[in-house]
Amino acid sequence: MERPIVLCGLGRMGARVLEYLRAGGLPVVVIDTLARPDDPRLGGTKLVVGDCRRREVLEAAGVAEARGVLILTNDDFLNVSTALMVRALCPEVRVVLRMFNQNLLGRLGKAVQNVFALSTSMLTAPLLAMMAVTGQGLGAFRLEGSEEMRQIVEMTVGPSSEAIGKPVGRLVGAQGALVVAHLPAAGPELFLLEVDVEAPLAAGDRLVLCGEPRTLGPLLREGREGEIDLRWAGWSRRMARVVGRALADVDRATLACTAVLIFVLVASTLVLRFGLEEKFHTASAFLRSVTILASGAGLGDPDYVTSPSIQVFVSVLRILGAVLVAAFTAIVTNYLLRARLGGAFEMRRVPDGGHVIVCGLSTIGFRLVEELLRSHELVVVVERDPANRFVTTARRLGAPVVIGDAGVQEVLRQARADSARAVVAATNNDMTNLEVVLLARELQPQVRVVPLLTDPQFAQMLHDAANVRLAVSVPALAAPAFVAGLFGDRVASVFVLRERVFAVIDLVLNKDDPFAGHAVRAVAVDYRLQPLALLRAEAPPPAYLLAARLGEGDRLVGIIALSDLDRLLRRQPSSAEHGVEVSAFPLPARDWLVGLMRTLTGMGPEEAEKALQQLPLRLAEGLTRGQAEDLLAQLMRERVEARVYGGEPATSC
């Protein structure tokens, strides 16, 4: 019997993870204190009722023979206690636990062997950011050593799309994207290597693509011209709005005092410039006026100091200067102490459009802000509590923070939700998040709204009944990462597509790896893996991925069905019952074909020449399907007619 996975905790997160494990065909044993054997969430899965921290409960669940243990309760102390008990019972089993305490995340894994703590907020933020920016998000992952996010999205060919009639490969190849699945409106669904890149697209067809957001953007925008994508407005318009908002937010007393001070300065400058036989030019008159008002100094000219009218003028100017400077200092100081100026400056930094509004600096909301800023997106934060611990950090990172209730439409107007690219409601209250997205829709019906919810069922009902297409739940976003954690740190992400579970694998080739020396195509065909990239330590990526040869230290990134993942990780060999048969070849390829035969069979030159005269010729035997397909591809490049025989139906070229 296959070794089971022990799942501790059947809450919202645990139930979602259980769905993924069952969809992947993996045996599971659930431990929970409240669940009952007839719970519909179990779907026939074995249940052990009890406290997962207790030794006898873990032993009853078979933790000693388990393939891995997932600990997903809502209590950090309970999760850590269970992990330590599991480690005491079985030192080798892999333990993946949910952790809310950010300070313990990395330190726990270093302190306890083979224990991996994952944070819900850190898992959900990348995918949530991609959904806000592109409106799509089946999965998201980042390659090790790279800041660039890769995204897995689904696009639909519209009835008026220019893609109709074009081959699948030509449409996406120009954008640098990779086809993960082709789901035609009429016909069988094709996944990974089953996809025919020469198949023409029809209206209603769906493509699941993988690539960088900047390469997927042109494909996803097709047929969605109505979406707002304003990134930068004119400089003059932006500066005019800055001045207008700053003045509108200044106290009347401050404006009045400033206006009087300016009037006195202008009047004094005019008097000195034109009233004293033009002895002062304009700049000198202004300087003398400022000197008298600010310091109480005289004109410094004995010819005019002896004049009674000038003496009266200087005296009045000194009195006005003392009063105005004192009043101006007091009013402005009071204004600054009440932090009104900070609000004016904050509003100045709100973009005119094309930005993402994050409502609520919860733990997930702050991680989302970090992820968006890392992707060089314009971000505006709306937070009700000015004492929130993340406000100062968000401002320091460069995001303007508007203090106010996002459930008030005027606050959303201040954040310019009417021209934003997306509004993400990430508070800790589901009803508040729903209220925010509905208000944002009233301001701008075309704005992209993403409510983050705790209840997966509520999120699904919003999607179906209220047409909130991007309503998502925390368990739905984070569950794939917990499943991926069971298979080691080489699994970057897990996603579900048409009730099938797929994993993004980052496979490292070590010394004496059985894959070394084989072509990427051979490994891909034998293990039904869709290659995404080949990363080499000291060499650039290959120009043609499938033809590249694997070597020690290489990292092969690809997508594979969860049911095939274990066979790949264990390097289980494929059946070697295939061969390649040559039926014809062009004359220029004869010498190349002779050399290939000598390499594959060890024949001499004369023997190889003689064998080529007797066609059809079985060029190689005892190959895996992948090795045979790779050899067939080499023959195709030389225009040699050949076919693969043995095992499944033959492939020819």
Side-chain angles (χ1 to χ4, degrees), residues 192-194 196-198 507 509-531 534 536-556 558 564 567-568 570-653:
L192 304 182
L193 297 180
E194 300 171 350
D196 182 5
V197 294
E198 298 299 327
L507 195 67
L509 273 70
N510 301 315
K511 187 178 180 180
D512 300 327
D513 195 296
F515 292 162
H518 291 281
V520 172
R521 179 186 287 103
V523 176
V525 173
D526 285 340
Y527 295 89
R528 292 186 285 188
L529 170 76
Q530 176 66 69
L534 179 62
R536 289 168 167 160
E538 300 180 355
Y544 187 53
L545 177 59
L546 292 177
R549 297 283 164 176
L550 298 170
E552 181 182 349
D554 288 354
R555 291 168 48 204
L556 179 60
D564 296 322
R567 191 168 67 93
L568 176 69
R570 295 174 182 271
R571 306 293 199 272
Q572 293 181 356
S574 301
S575 60
E577 54 183 22
H578 296 82
V580 176
E581 184 179 82
V582 175
S583 56
F585 59 88
L587 187 59
R590 185 180 187 90
D591 292 341
W592 175 86
L593 196 55
V594 168
L596 180 63
M597 289 181 60
R598 295 182 59 188
T599 302
L600 294 176
T601 63
M603 293 182 179
E606 296 81 5
E607 190 177 2
E609 288 281 0
K610 183 178 179 181
L612 283 179
Q613 298 175 5
Q614 301 176 358
L615 299 178
L617 168 67
R618 292 200 168 184
L619 186 62
E621 297 179 332
L623 304 177
T624 66
R625 179 75 186 191
Q627 292 170 343
E629 291 284 356
D630 181 59
L631 179 57
L632 183 65
Q634 296 180 49
L635 296 171
M636 288 180 62
R637 288 196 295 270
E638 300 296 330
R639 300 183 180 180
V640 176
E641 296 182 15
R643 70 182 186 93
V644 174
Y645 65 89
E648 299 175 0
T651 301
S652 60
C653 67

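In this chain, residues are counted from 1 in sequence order. Bear in mind the structure is a predicted one, so any value in this text is a computation, not a measurement.
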* Asked: What pair of heavy atoms forms the shortest contact from A524 to L193, and how long is it?
  -> O-CD1, 3.2 Å
* Do E638 and P586 have side chains that get closer than 4.5 Å, going by heavy atoms? -> no
* **Side chains of L623 and V644 in contact at under 4.5 Å (non-hydrogen atoms)** => no
* When L529 is tested against each of D564, V520, L556 for side chain to side chain contact (heavy atoms under 4.5 Å, CB included), which residue passes? -> L556
* To do: Nearest 0.5 Å please: distance from the CG atom of L593 over to the CG atom of L587.
  => 11.5 Å
* Residue list, salt bridge (charged side-chain N to carboxylate O under 4.0 Å, His left out) with R571, at least two apart or on another chain -> D513
* Straight-line distance of R528 CZ to R567 CZ, nearest 0.5 Å -> 6.5 Å
* L619 side chain near M597 side chain, heavy-atom distance below 4.5 Å -> yes
* Structure fact -> Shortest non-hydrogen pair, V640 vs A584, comes out as CG1-O, 3.4 Å
Acceptor/donor pairs from residues 608-618 side chains to any protein atom, 3.5 angstrom cut, sequence neighbours excluded:
from	atom 1	to	atom 2	distance (Å)
E609	OE1	R590	NE	3.0
E609	OE1	R590	NH2	3.1

* To do: Quick one: do K511 and E552 satisfy salt bridge (Lys or Arg N to Asp or Glu O under 4.0 Å)? Show the steps, please.
  => CA-CA 6 Å; K511 187 178 180 180; E552 181 182 349; over 6 Å; no
* **Minimum side-chain heavy-atom gap P542-R536 below 4.5 Å** => yes
* Kindly compute the distance separating CE (M636) from CD (E629), expressed to the nearest 0.5 Å. => 9.5 Å
* To do: Name all pairs fulfilling the salt bridge (Lys or Arg N to Asp or Glu O under 4.0 Å) condition that reach into residues 592-603, sequence neighbours left out, sorted by first residue then second.
  => none
* Value rounded to 0.5 Å, distance of OH in Y527 from OG1 in T624 -> 8.0 Å
* **CZ (R549) with more than 12 external heavy atoms under 6.0 Å** => yes
* CZ/F585 to CZ/R639 distance, rounded to the nearest 0.5 angstrom? -> 15.5 Å
* Atom pair CD/CZ of E581 and R643 - distance to nearest 0.5 Å -> 4.5 Å
* Which heavy atom of L635 sits nearest a heavy atom of A642, and at what distance? -> CD1-CB, 3.6 Å
* Distance-minimising heavy-atom pair for D630 and A519 -> OD1-CB, 3.3 Å
* Asked: Looking only at atom types and distance, does a side-chain atom of D526 sit under 3.5 Å from a main-chain N or O of G626, one as donor and one as acceptor?
  -> yes
